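Small disclaimer: the values here were computed from a predicted structure and weren't measured.
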Amino acid sequence: MISIVRKLRAAGVLGINARNARFVLEHNPRHLYPLVDDKILCKARLKAHGIAVPDQLGIVRGQYQAGALARRLRTLDEFAIKPATGTGGDGVLVTLGRRGKEWITPGGSLLSMADIQYHVSGILAGMYSLGGQLDAALIEELVRTDPALYPIAPEGVPDIRVIVFRGVPVMAMMRLPTRRSGGKANLHQGAIGAGVDMATGRTLSAVMQHDIVDQHPDTGASVTGFSVPGWPELIRLSARCFDAVPLGYLGVDMVLDERQGPLVLELNARPGLAIQIANRAGLAHRLAFVDQLDNPEGLSVEARAAFALDGTY
Amino acid sequence: MTRSVHWLIVSLLLIAAGLALVAYKHLALGYPLKPGQIEESWTAEARLVVLPEAGPVKVELSLPAVTPGLSLLRENFISRGYGLTTEADRWNRSARWAVRRASQRQLLYYSGVFYIDRGREPFAPTPAYPEIPSLSEPFDTAMQAIVDDVRRQSADIASFAAEMVARINSPSPSEEMALFLNSPEYRNNPVRIARTLLAGARIPTEQVNGFPLTQTERRARPERLLAVHNGRQWLFFDPGTGQQGLPDNFLIWWRGERPVVSVEGAELIDLSWSIRRNELGAIDLAEERATRHGAWPAAFSLLDLPVQAQTVYAVLLLVPVGGFIMVLMRNLVGLRSFGTFMPVLIALAFRETGLIGGLVLFAVVVGAGLLLRFYLERLRLLLVPRLTAVLIIVVALMVALSLLSHQLGWDVGLSVGLFPMVIMAMVIERMSIVWEERGAHEALIEAAGTAVIASLAFYMMTLEIVGHLVFVFPELLLTVLGLTLLMGRYSGYRLSELIRFRRLAREL
């Protein structure tokens, strides 16, 4: 037990207590939380800073808008419905297309209008919000994964999580949906987490439910050594998010869209620690490196991204 | 850095303050650290039998006033038909019974309960130097001779007095001493001899009458002690053995040679004393002691509250203990639970049902509630009506369970109060939300974590010693607060993280 502690500490692996006490509480001012907890606010803010986000197709704020929702959906074939204040992909409903009067989910089942309305009413009642407060539902344009990612993500939408500390990207991982995760890029539900080399954008190692994996369980394709296309751009994008929402300890979730390129999906004020397992590396040393910089927040996006891209870590 | 120092200082100060107050109350005032502790106290009783003559009767009894090392807890007078007045000043107390007309034999009682105290106040004021007694010859010459002789063989008042008592008790007394020992006035009264002779050297003395409280005695006999004032304090000598010092637990009842009782208009037929050892709750005793010393803990004691409020606080004060366990389990061990304080509330609910009964009850009701909830899910109800439906079902389930257990002769189901019911509905709500949001796996993990923390908190909160400590020493809240603050910036690994990162550690 003690040897594990010693090893983890030497490698700079961050625990939840340390993350909360030394980074989240120290660097994330409380008043900025609504900006990341509410996806609608977050999107508006990012957009205002010229950061690309998935298009917003509609917002449902109350049960009374059920009729409006139905009218809006009638014209849409594929979309994503999300709770404005949900966390970790909870309550996200995705349709890939339409068959007659029903929509097809990534899992292959069919949803009627009533099914969707029921889901939305759950969102509105606060089913997925923190503390169960009343919530709003957000209809977004469906992200179409860049075909370049098909080899490692045949199904669902993979995303790229970058931890940005004081404006400097320090660690990244790619989350690859599997059949087990129901097409969701959620590690808890069985998605693969693959650490990404900060300088080259190549996937390093991967974990799935605490197990180290090399191959995608659905296709057998290797998930390590894969070069994420447009890596420098993704890193710069993550650094720019800090300028929009100046949280010192920030998780940026991005996707690669077929048509629009990199989009920011959401920001996270308390990004999880599994990224360390995916990278087989601790965060603490990289965070300490940024901490000893003189006013890293004041540097340009280019300069901040350069720490990552120049192979500092 | 300064923030960490600040935090550390505040935490440690709170911890130290709580512990210091506990130490003060325990060491200085004798508040017991363990529950159910008993301390000894003594009841001393005087029983007077008077036979009235014609006319009014007046009885005056000296009462114990100040005794070093003993304090009065309470006292009691029994005197049917007599008027009673007590008189007291700093050093003397007496009871006066009076009746205008009495016809038959009458019993008068006084009893006082005394407890052992740390006080060492003098029992009598600092006396003036006595005049040298004028004795008739040959006593005067003998006294001079003895005083001169003893003075040569002593250094100070203490050794003078000790030498004098030794000479009185000597098996082969000097010629001069024998004169005193054989005279009718002094015979068998070594205290009187000593007082006369010490007055010859102008040393102030006093006769002390009382009882050593060592064992229960139906008929105790008062003992005399010789008290000698050396200018700073009183010294005590046993006139029979010459031993110096006040015996342990010696209750000084009255002073001087005068009789303890004076009776007018009646005949004192009998005067008897009894001593009885009692046991007294250490807390009551400590409270009494603190009140007597005017110490603030007596004024701020929960034991002064109405009993109903006391029982509320006895439970309420345990909540921080449960909360602290919660902190440890979540931030140190890394268990997950529903909500932050749900396990503590469940632990409180367990107080009404017992641990095993409570766990079973919770499992049954929450499980059944969940099943029904999933059925409701298929009906596509809106969230709030659905949760209310769950609540109604919980109440119905508990009613059914109570009736069933009553039929079967169990009493677990019946002991469920309003409080556990509300908590159960909350658990079902939380659990179903987690179930929905994060899946069954997470919901079951959190349910297990909640049960473990609740059981542990219940165990700690029902430990008799814990309940005793927080109630008698509510200042321990400061210590718990300090420890909680200390935990508030604990940034080490959680136990669960060591397991989570175990493989990672192997890879590194």
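Nearest heavy-atom pair, A:A281 versus B:L504, reported as atom, atom and distance to 0.1 Å: N-CD1, 4.2 Å. When all heavy atoms of A:A18 and B:S491 are compared, the closest pair comes out as CB-O, 3.1 Å.
Ranked by non-hydrogen atom pairs under 4.5 Å with chain A, the options B:H441, B:R500, B:R506 are led by B:R500. With chain B as the partner, the residue from A:V207, A:L14, A:D211, A:N17 showing the most heavy-atom pairs under 4.5 Å is A:N17.
In this structure, B:R489 places its CZ atom where more than 12 heavy-atom neighbours from other residues, nucleotides or ligands lie under 6.0 Å away. No more than 12 heavy atoms of other residues, nucleotides or ligands sit less than 6.0 Å from atom CD1 of A:I2. In B:F341, the CZ atom is not crowded: 12 or fewer heavy atoms of neighbouring residues, nucleotides or ligands sit closer than 6.0 Å.
Proximity of B:E497 to A:L273: side-chain heavy atoms (C-beta onward) are separated by under 4.5 Å at one or more points. The closest side-chain heavy-atom distance from A:I16 to B:Y493 is not below 4.5 Å. A heavy-atom distance below 4.5 Å is found between the side chains of B:F501 and A:Q276.
In this structure, chain A has no heavy atom under 4.5 Å from any part of B:I499. For A:A274, the parts lying under 4.5 angstrom from a heavy atom of chain B are both the backbone and the side chain. For A:R22, the part lying near chain B is the side chain, with the backbone staying farther off; criterion is any non-hydrogen pair under 4.5 Å.
One distance of note links CZ of B:R502 with CD1 of A:I277; it measures 11.0 Å at 0.5 Å rounding.
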